[in-house]
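Right, one structure below, let's go through it.
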Amino acid sequence: WTQWIFLQLFDSWYDTGCQWTGPDGRERVGRGRPISELPIPEAVAAEGEEAVRRYQDRHRLAYQHEAPVNWCPELGTVLANEEVINGKSERGGHAVERLPLRQWMLAITRYADRLLDGLDLVDWPESIRLLQRNWIGRSTGAEVDFFIGEAGEPADGLEAGYAAWQSVRRESGLPTEPGGEVLRVYTTRPDTLFGATYMVIAPEHPFVERLTTDLQREAVTAYQSQAAAKSDLDRTDLAKEKTGVFTGSYAVNPVNDQQIPIWVADYVLISYGTGAIMAVPGQDERDWEFAEVFDLPIIRTVEPPSEFDGKAYPGDGPAINSEFLDGLDIAAAKQRIIEHLASSG
């Protein structure tokens, strides 16, 4: 049965716009369909059968992807995060390292809404359904591209390259796949973009090598080795002191055209989102702690209440220091900034 289920996923793609009625008489939106029915863009079809197959493979609900794992050479196996303690295997105390491994993945996020809706129809205790909702972990946000220039482009050429890139993007819009000239981030708080004062990429991010300058290469390489010995749980522990290394490169914040530094830090995981974040220390506790350690700018984009005496403020309030968003509440500011970003590609 496991093999049968896998083959159903492998031979299917998910049509988010498909409207259909199930055997229970309920109308639904979104359905898995045979991969043979996947619409192929004309440009892809023109490239031949191999290009069509690659396009289909990217849309299958079971697909291959390279992702980091906890590898223990002594035990000769991959370990779960819970089986790694302080960089060593729970069984035997052997050294564990993070390695990229090509493996099968299931594209659960494509039909997450169906999974969530289906929880209302099953006769389970509410506590179990809540666990499932939390595991699915739906979040709503936006993907945003930060311009970093072409590989090998000198830092002083970033401004000219950005202007040309902006002009092209206004015409083309946001592409499905980001090009090599941008860092794409996923954020649930696009309204805080004016407070993004630096970026962070995971130590395993494929752009680390090209973004690292010769002056910073030794420090970045050493930091990558340190991060490879830690589990995801160790890296995301809120109590741990923030560490990181500057790559020597910069990205351009698309809402204010400011060049902001790109850091490598292990509190960002390659397995979550895009493996890169826009850091907004004024509104995020981890970013605030990192900014304090490395003396990076902190700009609040949401006005905290008068009685607030903490550091990062993640709560609701009117937008500040955000130009055309100032005065809007979070929901309205999110909608306004997404419209602005979409119109400019």
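In what follows, residues are counted from 1 in the order of the sequence shown.
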Rounded distance [0.5 Å steps], CG in Leu158 versus CD in Gln259: 4.5 Å
SB check Lys242 Glu285 (cutoff 4.0 Å): no
Arg300 to Phe308 six-membered ring, cation-pi geometry met (6.0 Å, 45°): no
N-O pairing of Asp57 and Arg54 below 4.0 Å: no
Salt-bridge criterion met for Arg184 and Asp145 (N-O under 4.0 Å): yes
From Ile262 atom CD1 to Leu211 atom CG, the distance as rounded to the nearest 0.5 Å: 4.5 Å
Spacing of CD belonging to Glu292 relative to CH2 belonging to Trp288, to within rounding of 0.5 Å: 6.5 Å
Enclosure of Asn86 CG (heavy-atom neighbours >12, cutoff 6.0 Å): no
Lys/Arg-Asp/Glu bridge criterion (N-O < 4.0 Å) met for Glu289, Arg286: no
Arg58 charged N/C atom sitting above Tyr55 aromatic ring, 6.0 Å / 45°: no
Asp117 and Tyr111: side chain donor to acceptor below 3.5 Å: no
Listed once per pair and sorted, the salt bridge (Lys or Arg N to Asp or Glu O under 4.0 Å) pairs that draw on residues 29-40, sequence neighbours left out: Asp15-Arg33, Arg33-Glu37
CE-CG distance between Met278 and Leu193, expressed to the nearest 0.5 angstrom: 4.0 Å
Only pairs under 3.5 Å count here: list side-chain donor-acceptor contacts from residues 42-49, not counting sequence neighbours, and write none if there are none.
none

Salt bridge flag under 4.0 Å for residues Arg133 and Asp120: yes
Geometric class of the Phe324/Phe194 ring pair [parallel <30°, tilted 30-60°, perpendicular >60°]: perpendicular
Pairwise distance CG(Asp191) to CD1(Ile337) - rounded to 0.5 angstrom: 8.5 Å
Spatial distance of atom CG (Leu116) from atom CD (Gln132) [nearest 0.5 Å]: 9.5 Å
